[in-house]
Novice: 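Sharing a structure below in structure tokens format, with a few things to ask.
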Amino acid sequence: MRRWRGSWAGAVLAGCGALLLAGCGIRATEVPTDFGPAPSRVACVTSAQDVEARAAGRGVQVQVFLVCGSQLVAVDRTVELADEPTGDDRVRVAQALLDALQQPTSEPERQAGFTTDLRVQAVVSGPREGDPKTALRLSTPPERLSPFALAQVVCTFAQSAAANGKDTVILGGRGSEPLREYECTDALRARPGTVPVPTETVGD
């Protein structure tokens with residue numbers, strides 16, 4: 001049976017500035033873009049009360065990327081890391097972030113225009129023999145995700161302690177498909193449904 005410990009989670013993520021939030025309060029975001037007219041200019045706003053409600057309880061505050069106004073917008077979440085010896089703390093972080101992306105948005109978030117396109121219950125595992133040490137493998141191959149869902153996963157992972165600190169993340173499935181390095185760019189965050197996720201095949 002899984003046990004969760006907020007204190008252990010804090011130790012794992014201590015010093016990971018890309019994961020930790022600067023604080024709570026009213027979040028208002030209009031993502032400016034130089035990549036052509038956006039389909040929508042929704043001002044994505046959640047109240048301080050909703051932020052506090054989502055942060056209630058045990059866990060560590062992080063940021064994940066949701067879809068709002070056809071763009072990717074960072075929102076606050078509280079995650080709990082499994083107290084299980086997987087051998088790779090990055091896998092724990094990545095799984096917690098993926099779980100957060102799969103959670104339904106709250107009613108205030110939905111009213112503000114937020115949604116998530118990640119519909120599958122994916123599981124994260126670490127690198128196999130011969131993989132780069134920063135690689136993450138998903139039970140659902142990345143190429144099978146929708147463009148919005150893939151962009152959400154890439155940007156959430158790339159800007160967290162689960163990645164290599166270069167705004168990129170190496171992902172693959174559990175089959176024979178090659179690993180790919182995905183990049184979270186300003187253009188992708190602004191137009192995830194239109195701009196393809198920048199990617200490069202890793203190895204042969």
Side-chain angles (χ1 to χ4, degrees), residues 1-27 29 44 46-68 72-110 112 114-127 133-140 142 145 148-165 167 169-171 174 184:
M1 181 175 180
R2 288 191 172 185
R3 293 182 300 109
W4 307 89
R5 296 191 314 196
S7 58
W8 184 91
V12 171
L13 298 183
C16 298
L19 269 172
L20 299 181
L21 303 179
C24 293
I26 293 180
R27 174 178 294 277
T29 306
C44 302
T46 54
S47 68
Q49 289 85 354
D50 186 54
V51 171
E52 291 168 1
R54 297 298 300 226
R58 296 176 299 172
V60 175
Q61 289 187 347
V62 298
Q63 286 189 337
V64 299
F65 282 86
L66 298 182
V67 180
C68 190
L72 294 186
V73 179
V75 300
D76 304 345
R77 283 288 182 272
T78 297
V79 300
E80 296 177 350
L81 304 186
D83 187 18
E84 296 178 353
T86 66
D88 191 340
D89 290 341
R90 293 184 316 105
V91 174
R92 294 185 178 96
V93 172
Q95 186 64 63
L97 292 170
L98 199 62
D99 291 345
L101 284 176
Q102 294 166 161
Q103 291 177 2
T105 51
S106 66
E107 182 59 28
E109 287 173 337
R110 286 192 293 274
F114 289 100
T115 186
T116 180
D117 209 48
L118 191 62
R119 311 297 184 190
V120 298
Q121 296 295 314
V123 177
V124 183
S125 58
K133 64 180 181 179
T134 57
L136 296 169
R137 290 187 174 271
L138 307 181
S139 58
T140 299
L145 298 175
F148 279 103
L150 179 59
Q152 285 183 259
V153 171
V154 167
C155 287
T156 297
F157 281 2
Q159 307 215 356
S160 76
N164 54 22
D167 286 336
V169 60
I170 298 175
L171 298 175
R174 294 186 177 177
C184 179

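These values consider heavy atoms only, across backbone and side chains, with no hydrogens, waters or symmetry-generated copies.
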Novice: Taking side-chain contact (heavy atoms from CB on, under 4.5 Å) as the test, write out the residues that go with V123, two or more places apart.
Specialist: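 With neighbours one apart ignored, the set is Q95, S139, R174.
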
Novice: Which residues pass the side-chain contact (heavy atoms from CB on, under 4.5 Å) test with D117, not counting sequence neighbours?
Specialist: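 R119, S146, F148, A149, Q152.
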
Novice: Please evaluate residues Q102 and Q121 with respect to the criterion side-chain contact (heavy atoms from CB on, under 4.5 Å), reporting the C-alpha separation (whole Å), side-chain torsions for both, the decisive distance (0.1 Å), and the verdict.
Specialist: CA-CA 7 Å; Q102 294 166 161; Q121 296 295 314; 3.3 Å; yes

Novice: Is any side-chain heavy atom of L171 closer than 4.5 Å to a side-chain heavy atom of V153?
Specialist: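 The answer is yes; the side chains approach within 4.5 Å.
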
Novice: Would you mind reporting whether F157 and L136 have side-chain heavy atoms less than 4.5 Å apart?
Specialist: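 Yes, side chains in contact.
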
Novice: When rounded to the nearest 0.5 angstrom, what is the spacing between CZ in F65 and SG in C184?
Specialist: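 Answer rounded to 0.5 Å: 5.5 Å.
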
Novice: Would you say that V64 contacts V79 through its side chain, given a criterion of any heavy-atom pair below 4.5 Å between the two side chains?
Specialist: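 No, their side chains stay 4.5 Å or more apart.
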
Novice: Any side-chain heavy atom of T140 sitting closer than 4.5 Å to one from V120?
Specialist: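 With C-beta onward as the side chain, the pair touches.
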
Novice: Measuring only between side-chain heavy atoms, which start at C-beta, is L66 closer than 4.5 Å to R77?
Specialist: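 Answer yes - side chains close enough.
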
Novice: The criterion is side-chain contact (heavy atoms from CB on, under 4.5 Å); which residues satisfy it with A163, sequence neighbours excluded?
Specialist: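 For A163, the residues satisfying side-chain contact (heavy atoms from CB on, under 4.5 Å) (neighbours in sequence not counted) are V169.
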
Novice: Rounded to the nearest 0.5 Å, how far apart are CG of L97 and CD of Q63?
Specialist: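 With rounding to 0.5 Å, CG (L97) is 11.0 Å from CD (Q63).
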
Novice: Starting at SG of C155, measure out to CG of D167 and round the result to the nearest 0.5 Å.
Specialist: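 With rounding to 0.5 Å, SG (C155) is 8.5 Å from CG (D167).
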
Novice: Please round to the nearest 0.5 Å and tell me the distance separating atom OG1 of T115 and atom CZ of R110.
Specialist: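 Between T115 OG1 and R110 CZ, I get 9.0 Å after rounding to 0.5 Å.
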
Novice: Is there a side-chain contact (heavy atoms from CB on, under 4.5 Å) between V67 and V73? Walk through the geometry before answering.
Specialist: CA-CA 6 Å; V67 180; V73 179; over 6 Å; no

Novice: Would you give the length of the straight line joining atom CG of L72 to atom OG1 of T156, rounded to the nearest 0.5 angstrom?
Specialist: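 It is 8.0 Å, given to the nearest 0.5 Å.
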
Novice: With no hydrogens and no angle check, is any side-chain donor or acceptor of R90 less than 3.5 Å from a backbone partner on A161?
Specialist: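 Answer holds: no.
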
Novice: Could you state the interatomic distance from CD (E80) to CG (D99), rounded to the nearest 0.5 Å?
Specialist: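 E80 CD to D99 CG: 10.5 Å, rounded to 0.5 Å.
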
